[in-house]
*Asks:* 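Mind having a look at this structure? Questions to follow.
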2 protein chains.
Amino acid sequence: IIQLRDVYRTYLMGDQSLDALAGVTLNIQRNEYVAVVGSSGSGKSTLMNILGCLDRASKGNYVLNGTDVGDMNENELAKVRNRQIGFVFQSFNLLGRASALKNVMQPLVYRGIPIAERKEIASEALVKVGLGDRMDHLPNELSGGQRQRVAISRALVGNPAILLADEPTGNLDSKTSREIMHLIDELHDQGQTIIMVTHEADIAKHCNRVISLEDGKVASDVKQVKS
Amino acid sequence: IIQLRDVYRTYLMGDQSLDALAGVTLNIQRNEYVAVVGSSGSGKSTLMNILGCLDRASKGNYVLNGTDVGDMNENELAKVRNRQIGFVFQSFNLLGRASALKNVMQPLVYRGIPIAERKEIASEALVKVGLGDRMDHLPNELSGGQRQRVAISRALVGNPAILLADEPTGNLDSKTSREIMHLIDELHDQGQTIIMVTHEADIAKHCNRVISLEDGKVASDVKQVKS
Ligand SMILES: Nc1ncnc2c1ncn2[C@@H]1O[C@H](COP(=O)(O)OP(=O)(O)OP(=O)(O)O)[C@@H](O)[C@H]1O
Ligand SMILES: Nc1ncnc2c1ncn2[C@@H]1O[C@H](COP(=O)(O)OP(=O)(O)OP(=O)(O)O)[C@@H](O)[C@H]1O
Ligand SMILES: [Mg+2]
Ligand SMILES: [Mg+2]
C-alpha cells in the first residue's frame with residue numbers, strides 16, 4: 001500500500017544542507033502494524049509527514065495505493081489526507097478555538113456525514129477515550145494527556161485506511177496508554193494499516209514489524225511476532 | 001523550602017466549577033528529589049504551575065522559602081521565577097522566533113551575566129544535551145525531542161535552586177532520556193531541589209519520594225530509596 005524509493009528530505013540552511021531523510025526505501029503492505037523507532041532527531045517525524053502527504057520528498061518516489069504522490073496536485077493530496085489517512089501529530093495540532101467535540105467532528109465533514117450524526121459519532125469517540133465530561137473544553141482547558149487523547153480520537157474517528165501516529169502515548173500514564181493501544185489494536189483488527197512512531201518498548205510490542213531509523217536512513221527493518 | 005496548605009485551583013465553566021486541585025497539603029524540604037505521578041488529568045501540571053509561581057491558588061496557602069507567595073505582587077513573583085526556579089514545561093514553551101541558543105541564553109539575562117558569557121554558557125549547555133550542531137535552528141526547525149532538550153537546557157542553565165520538570169523525557173528515546181536524567185541527577189547532587197512529573201516508572205526511580213495525585217488530591221506520598 002505504501003512504497004518509498006530512495007526518498008530524501010533536505011533542508012537548506014544558509015550555505016549548508018541537512019538531510020533529515022537520506023535515502024529511505026520501504027514497502028509497507030496493507031494491514032501491517034509497523035513501529036518506527038530511532039533516537040531523537042533520526043528522521044521519524046519527517047518520514048511520517050511525507051507518508052501522510054503533509055510534506056513532499058526532495059528526491060525519490062512515493063507511491064501510495066498505486067498512485068505516485070509526486071504527480072498529485074494540492075487538491076488531490078488534500079483529498080487523500082482527509083479520506084484515507086488518520087494522523088496523530090507529535091504536538092497534537094488541535095484547532096485552538098474549537099472544543100474537543102468540534103475537533104473530533106472535523107474529519108467527518110470530508111466524509112459527507114450530516115452534522116447531527118457527526119456530533120453523535122464524535123461524542124462516542126470521546127467517551128471511548130475517557131473524555132465524556134470534557135467535550136466542551138477548549139484545548140487550553142485540557143491537560144496534556146487529554147489533548148493527546150482528543151488528537152487520537154480525531155485520527156481514529158473517520159475509520160482511516162492508514163493510521164499514522166507519532167508518539168501516541170508520549171504524555172499518557174500507563175493505564176490510559178493501555179486503553180489507547182486497545183483502540184489502535186482494534187483498528188488494526190478491522191484490517192487497517194498502522195504506522196506508529198514510539199520510543200517505548202512496551203508500545204512497540206503491539207507491532208509485527210519494527211523499522212529503526214538512524215541519521216535519516218533505515219538502520220534495521222525486522223519482522224516480529226506481535227505480543 | 002515549599003509548603004502548600006489546603007490548596008485549591010478552581011476553574012469556572014459557565015455555571016459549573018471544576019477543581020483541578022481540591023485541597024493539596026504538602027511540605028517539600030531543600031534537596032529533596034520528588035516524583036509527581038498520577039493519571040492523565042489528575043492535576044499534576046496544575047500543581048507544577050502553582051509551585052512555579054505561574055498560576056495562583058484559588059484557595060489555600062503557598063509558602064516558598066519562608067515567604068507567602070499569596071502576598072507577592074507580579075514583579076516579586078517574576079523575580080522569584082527568574083532567579084530561583086527552572087521550569088521544563090509539558091509543551092516546552094520555547095520562544096518561537098529565537099534560535100535554540102537564544103532560548104537557552106534567556107534565563108541568564110536575569111542573573112546579570114554579560115552577553116559574551118551568556119553565549120558561552122548557553123553553548124556549553126546545548127553541547128551537553130547533544131545539540132551542539134543545532135544551536136542556530138529555530139524551534140520549528142527542530143525535532144520534538146530536540147525542542148524538549150532545548151527546554152531542559154534552558155531550565156538548567158541558571159543553576160536554579162528549584163527545578164520543576166513536567167514530563168522531561170516524554171519525547172525522548174531511552175538513550176537520550178538517560179543522558180538528560182544524568183544532568184538532572186547532577187543538579188540534585190549539587191544540593192538543589194527537584195520536582196518532576198513523570199509517568200515512567202524508570203524515571204521515578206531516580207527520586208527519593210513519590211507523590212501520587214488523583215482527582216486533584218494527594219492519594220499517596222511515599223519515601224523511597226533512590227535507585
Ligand atoms: N483552563 C481550564 N479550564 C477548565 N478545566 C481545566 C483547565 N485547565 C485544566 N483543566 C482541567 O484540570 C484538570 C487537571 O489538569 P492538569 O493539566 O493539571 O492534569 P495533568 O495531571 O497534568 O494531566 P496530564 O497527565 O494529562 O498532563 C484536567 O481534568 C483538566 O481538564
Ligand atoms: N525545518 C527544518 N530545518 C532544518 N532542519 C530540520 C527542520 N526540521 C527538522 N529538521 C532536522 O531534521 C532532523 C529530523 O527531524 P525529525 O523531526 O524527523 O526527528 P525525529 O526522529 O522525529 O526526532 P524526535 O524523536 O526528537 O521527535 C532533526 O535533526 C532536525 O533538527
Ligand atoms: Mg519526532
Ligand atoms: Mg500535565
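Reminder, nothing fancy here: chain letters follow the sequence lines and each chain counts from 1. Note: hydrogens, waters and symmetry copies are ignored here, and every other heavy atom, side chains too, is used.
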*Asks:* What residues of residues 167-181 of chain B sit under 4.5 Å from chain A when only non-hydrogen atoms are counted?
*Replies:* B:E167, B:T169, B:G170, B:N171, B:L172, B:D173, B:T176

*Asks:* Taking every non-hydrogen pair under 4.5 Å, which of B:A20, B:A201, B:G145, B:G130 racks up the most with chain A?
*Replies:* B:G145

*Asks:* Can you tell me which portion of B:L18 sits under 4.5 Å from chain A's heavy atoms? Options are side chain, backbone, both or neither.
*Replies:* side chain

*Asks:* Using non-hydrogen atoms only, which part of B:S143 is less than 4.5 Å away from chain A: side chain, backbone, both, or neither?
*Replies:* side chain

*Asks:* Are there over 12 heavy-atom neighbours, none belonging to A:E120, within less than 6.0 Å of that residue's CD?
*Replies:* no

*Asks:* Exactly one of A:T193, A:I194, A:L187 should register a side chain to side chain contact (heavy atoms under 4.5 Å, CB included) with A:Y33. Which one does?
*Replies:* A:I194

*Asks:* If the test is side-chain hydrogen bond (donor to acceptor under 3.5 Å, both in side chains), which one of A:Q146, A:Q148, A:R149, A:R147 qualifies with B:S40?
*Replies:* A:R149

*Asks:* Anything under 3.5 Å between a donor and an acceptor, one on a side chain of residues 43-50 of chain B, the other on a protein residue two or more places apart or in another chain? List them.
*Replies:*
from, atom 1, to, atom 2, distance (Å)
B:K44, NZ, B:G38, O, 3.0
B:K44, NZ, B:S39, O, 3.0
B:S45, OG, B:Q90, OE1, 2.8
B:S45, OG, B:D166, OD2, 2.6
B:N49, ND2, B:S45, O, 3.3

*Asks:* A quick test of your reading: do over 12 heavy atoms of other residues, nucleotides or ligands sit less than 6.0 Å from CD of B:E214?
*Replies:* no

*Asks:* Let me know which of B:I203, B:V34, B:V36, B:V88 forms a side chain to side chain contact (heavy atoms under 4.5 Å, CB included) with B:M196.
*Replies:* B:I203

*Asks:* Which bit of B:E141 is near chain A, if near means a heavy-atom gap under 4.5 Å: side chain, backbone, both or neither?
*Replies:* side chain

*Asks:* When you look at B:Y8 and B:V24, which way does the side-chain contact (heavy atoms from CB on, under 4.5 Å) test go after all the steps?
*Replies:* CA-CA 7 Å; B:Y8 282 77; B:V24 171; over 6 Å; no

*Asks:* More than 12 foreign heavy atoms under 6.0 Å from CG of A:D215: is that the case here?
*Replies:* no

